[in-house]
Amino acid sequence: MGTSNACHAVVIGGLVTVLIAACTSSPPQPRPSTAPPTVASSPPPSSRPAGGPVELSCADSISASPGDGPGILSVNGLTLEGASGDLRGAAPASVGLRAPAGPRLYFVKSPAYLNATTAPITVELTASSKGYLAWVPARIWTGSGGSPIDLRPWVTSRLTFDGCPDRDTSYLGGLLASNPHVCLTVHVRRAGAATSEATRLGGAGC
């Protein structure tokens with residue numbers, strides 16, 4: 001027996017017309033692929049933030065002078081409020097802040113002050129310090145409208161406060177650390193100075 005595909009020729013007026021009947025054989029079926037299924041790779045887990053240097057200008061500050069309360073630390077022309085003594089950090093979300101994803105971080109509020117005409121001051125965390133600087137423009141700190149203040153674009157290990165030529169200034173924000181018992185070491189350098197001054201932020205036991 002041959003295939004059941006049948007083709008019939010009919011002669012009409014000397015012309016041959018070929019009528020092709022429907023073929024009863026099934027078309028070849030595609031062979032199933034033997035290649036393994038593609039599995040989408042998962043993104044790596046979030047890591048600690050690694051922001052680049054941040055510079056805050058005169059316009060990013062408010063007009064203010066430091067008080068005389070506890071925790072005042074002055075170094076190389078920069079005054080930090082709440083940065084000395086036993087520093088206990090809080091979960092950022094509990095104080096209305098949004099911190100970078102990744103390992104847990106703890107926040108200590110520490111307004112920074114510069115006197116009028118003070119040259120720009122750069123603060124840099126040492127490589128061994130497990131934390132970040134988290135000061136933001138005043139418009140970000142005061143203009144959130146009740147929403148969490150987003151620290152993420154401003155988190156860094158190197159920050160410059162420009163200050164203002166005609167008024168005392170304050171920059172709003174503070175410190176992020178990987179341990180609630182905050183202990184960080186920073187180098188503070190005034191523009192034009194040949195050296196920086198190392199300062200520990202935290203209590204004597206850190």
Side-chain angles (χ1 to χ4, degrees), residues 48-49 51 53-58 60-100 104-116 118 120-126 128-144 148-164 167-190 196-206:
R48 292 274 298 279
V54 170
E55 182 173 3
L56 298 179
S57 70
C58 174
D60 295 320
S61 69
I62 61 173
S63 296
S65 299
D68 56 0
I72 295 293
L73 176 69
S74 294
V75 53
N76 232 355
L78 175 70
T79 299
L80 298 176
E81 182 180 329
S84 66
D86 186 22
L87 302 185
R88 296 286 180 173
S94 71
V95 290
L97 304 174
R98 180 177 292 121
R104 186 172 296 176
L105 295 170
Y106 301 88
F107 179 77
V108 171
K109 184 178 179 181
S110 179
Y113 300 90
L114 280 76
N115 292 332
T118 299
I121 291 178
T122 297
V123 181
E124 185 168 9
L125 283 166
T126 62
S128 61
S129 288
K130 297 179 179 179
Y132 293 91
L133 310 174
W135 279 271
V136 304
R139 67 182 185 278
I140 302 296
W141 190 268
T142 61
S144 64
I149 299 168
D150 193 354
L151 300 178
R152 294 174 296 179
W154 311 99
V155 168
T156 184
S157 61
R158 180 184 173 91
L159 173 66
T160 298
F161 299 111
D162 284 347
C164 294
R167 62 178 173 88
D168 295 346
T169 58
S170 177
Y171 292 90
L172 305 177
L175 305 164
L176 285 169
S178 60
N179 192 307
H181 185 80
V182 177
C183 180
L184 304 172
T185 301
V186 297
H187 289 283
V188 180
R189 184 199 302 265
R190 189 184 305 198
S196 61
E197 184 173 342
T199 301
R200 184 175 59 196
L201 308 179
C206 76

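Contact of the K109 side chain with the L172 side chain is not registered, since no non-hydrogen atoms from C-beta on lie closer than 4.5 Å. You'll find the side chain of P111 reaches within 4.5 Å of the side chain of E81, heavy atoms only. Counting only heavy atoms from C-beta outward, the side chains of L80 and Y171 never approach each other to under 4.5 Å. With contacts defined as side-chain heavy-atom distances shorter than 4.5 Å, the pair D168/Y113 does not qualify. The closest side-chain heavy-atom distance from L114 to L78 is below 4.5 Å. Counting only heavy atoms from C-beta outward, the side chains of N76 and S196 never approach each other to under 4.5 Å. The shortest side-chain heavy-atom distance between P137 and L56 falls under the 4.5 Å cut-off. The closest side-chain heavy-atom distance from R88 to H181 is below 4.5 Å.
Here the closest non-hydrogen pair linking D162 and C58 is CB-N, 4.2 Å. The two residues A177 and L184 make their nearest non-hydrogen contact at CB-CD2, 4.4 Å. Contact record, P100 with L105: CD-CD1, 4.3 Å, taken as the closest heavy-atom pair. P92 approaches Y106 most closely through the heavy-atom pair CD-CA, 4.4 Å.
Judged purely by atom type and a 3.5 angstrom limit, S170 has no side-chain atom pairing as donor or acceptor with the backbone of I62. Not one N or O on the side chain of T118 forms a donor-acceptor pair closer than 3.5 Å with the backbone of G77.
For D150, the side chain to side chain donor-acceptor pair (under 3.5 Å) test picks out R152, with sequence neighbours left out. S61 meets the side chain to side chain donor-acceptor pair (under 3.5 Å) test with R167; sequence neighbours excluded.
Remark: T122 OG1 to L159 CG distance equals 8.0 Å, nearest 0.5 Å. For the atom pair OG (S74) and CG (N115), the distance works out to 9.0 Å, reported to the nearest 0.5 Å. Interatomic distance, CD of E197 versus CZ of R190, reported as 10.5 Å (0.5 Å rounding). In this structure, CG on N179 lies 11.5 Å from CG on L87, to the nearest 0.5 angstrom. Going from atom CG of L151 over to atom OG1 of T156 covers 12.5 Å, rounded to the nearest 0.5 Å. Here the straight-line distance linking atom OG1 of T160 with atom CZ of R189 works out to 10.5 Å at 0.5 Å rounding.
Results of the side-chain contact (heavy atoms from CB on, under 4.5 Å) test with L201 over V108, V75, L73, V182 single out L73 as the only residue that passes.
In this structure, F161 and W135 have perpendicular ring planes: the angle between them is above 60°, well past the 30° mark.
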task: Decide yes or no on side-chain contact (heavy atoms from CB on, under 4.5 Å) for E124 and L133, but give the supporting numbers first.
output: CA-CA 8 Å; E124 185 168 9; L133 310 174; 5.9 Å; no

